[in-house]
Amino acid sequence: MVSYEVRCIECGASHDPSKPAYACSSCGNLLEAQIDEAEAAGDLAENGYSERALSVWKYREAIPVDDPSLAISLGEGGTPLIRCKRLEEELDARNLWIKFEGTNPTGSFKDRGMTVGVTKALELDMSVVTCASTGNTSASLAAYAAAADLDCVVLIPEGKVALGKLAQAMMHGADVLSVKGNFDQALDMVMTAANEMGMYVLNSVNPFRIEGQKTAAYEVCDQLNGVSPERLYIPVGNGGNSAAYWKGFKEYDSMDFASGCPLIRGIQAEGAAPVASMFSENSSELVPVDEPETVATAIRIGNPANWKKTVGAIRESGGSASTVTDDEILEAQRFMARLEGIFPEPAGAAALAGFMKDLEEDLVDRSAVVVCVSTGHGLKDPDTAISQSVKPRTIEPTMEALSRILGGAD
Ligand SMILES: *Cc1c(COP(=O)(O)O)cnc(C)c1O
Ligand SMILES: [Zn+2]
């Protein structure tokens, strides 16, 4: 097991890793886990990790759990990095890749965090796990809790969760509570309940989830033969994943398994863009959005719990955050589906929408090596897909009807 510390991102205070904690006991800021990078690098190299198949646990020596052989795993990570030739042609870009996280076991990148977080719940002897969720976190947690034989309570904003995600949480046997409010209110409830009722919180404020999610950046570097991309476009909801990628790129670079780190472009939906506003207004404090609204429900978040982490990460990378409209997100979703055969949910198309906008506005070198993170699968949200597609046409069961409708001779 790798040596690591749990410490405050602001004041650096060290916290006891054998107790569940999400915020600093002295200043209230978020916590992060920090592995001993030199030790992890030595163990990874010594154990010949580069010969292992691509997956979250390929990097087990860099993941802070007591015993990786006891991990609750469904085969997460190892997702494809797809070179997008047809999109390159359409957009006049030269080096565009999509990291498609929709192929994870429950269909989103959340599984990378849950395999580590639920393993940690067992180490800490917790018997109930919980989260607030716009959908994918609850779908993923419900599955991993089932595999780990833990009770699972999830709070979702009423009526705002895509159908596929809801079906997953229900099918895996979670106790699903529909809150008459938005995600931000549900998260407040979960954080309070966790303290008072002894449940383990697996929202992205949990530092161990980030340790699983950082492996996506390791994978991208491996898939690009040990070189970081020049730019990473990524949707920002609560900001955990963008912070995790940055942490991963930095660690992989400093462990000498890859060279360089990308500039990060955080992409938000126009109706839920408190982080992007900080960049456009050059401010250092987040102003929450009271009633966030977007078709990309996975990033419909007005008060991002990880705003400090993600803003710090994006700034350190030399990047920035900006917005795209719902129409731009849906256009990017259709482009991915129709030009590349990749079917993302709307939030999973936001990164590409951001790149397309940067191309239009001449804010990016067309030959830059660009990776867009597609965070979740389109099957999660069939309603949005169907509402923007051509409906099936109904015909009689005859050749005559078929050839008439396909414009053949009759
Ligand atoms: C959770 C999620 C996001 C947002 O990630 P954060 O870590 O909250 O910024 C984006 N897209 C999808 C599909 C998600 O499930
Ligand atoms: Zn602190």
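Whatever order the structure lists ligands and atoms in, that order sets their numbers, starting from 1.
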Side-chain heavy atoms of [X] within contact of [Y], under 4.5 Å:
X	Y	result
Ile264	Thr310	no
Met356	Glu328	no
Val176	Ser138	no
Ile35	Lys214	yes
His377	Phe100	yes

Report yes if [X] has an N/O atom closer than 3.5 Å to an N/O atom of ligand 1; otherwise report no.
X	result
Asn241	yes
Gly239	yes
Val236	no
Asn238	yes
Lys110	yes

Side chain, backbone, both or neither: which applies to [X] and ligand 1 if a contact is any heavy-atom pair less than 4.0 Å apart?
X	answer
Ile299	side chain
Asn136	side chain
Lys380	neither

Worksheet item: Where is the nearest protein heavy atom to atom 13 (C) of ligand 1: which residue, which atom, and how far?
Response: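 Nearest protein contact, heavy atoms only, for atom 13 (C) of ligand 1 is Thr375 OG1, 3.1 Å.
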
Worksheet item: What protein heavy atom sits nearest atom 5 (O) of ligand 1, and how far off is it?
Response: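 Ranking protein heavy atoms by distance from atom 5 (O) of ligand 1, first comes Phe109 CZ, 3.5 Å.
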
Worksheet item: Any non-hydrogen atom of Gly348 lying under 4.0 Å from ligand 1?
Response: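 Judged by the 4.0 Å heavy-atom criterion, Gly348 does not count as contacting ligand 1.
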
Discussion item. A cation-pi test, strictly: NZ or CZ of Arg52 under 6.0 Å from the centre of the six-membered ring of Tyr59 and no more than 45 degrees from its axis. Yes or no?
Written reply: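 No cation-pi geometry.
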
Discussion item. Angle at the Zn ion (ligand 2), SG of Cys27 to SG of Cys11, rounded to 10 degrees, please.
Written reply: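 My answer is 120°, to the nearest 10°.
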
Worksheet item: Which angle, to 10 degrees, forms at the Zn ion (ligand 2) with SG of Cys24 on one side and SG of Cys8 on the other?
Response: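 Cys24 SG and Cys8 SG form an angle of 110° at the Zn ion (ligand 2).
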
Practice prompt. Tell me, with the steps shown, if Glu345 and Asn136 meet side-chain contact (heavy atoms from CB on, under 4.5 Å).
Written response: CA-CA 11 Å; Glu345 63 171 281; Asn136 282 331; 2.8 Å; yes

Practice prompt. Would you give the length of the straight line joining atom SG of Cys221 to atom CG of Leu81, rounded to the nearest 0.5 angstrom?
Written response: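 Here the interatomic distance stands at 10.0 Å.
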
Counting from 1, what ligand 1 atoms have a heavy atom of [X] closer than 4.0 Å?
X	answer
Ala347	11 (N)
Gly376	13 (C)
Gly240	6 (P), 7 (O), 9 (O)

Worksheet entry | Pair Glu211 + Lys120: basic N to acidic O under 4.0 Å |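 No salt bridge links Glu211 with Lys120.
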
Item to complete: Begin with the C-alpha distance, continue with both residues' side-chain angles, and end with the deciding distance and a verdict on side-chain contact (heavy atoms from CB on, under 4.5 Å) for Asn303 and Leu286.
Response: CA-CA 8 Å; Asn303 189 15; Leu286 183 106; 3.5 Å; yes

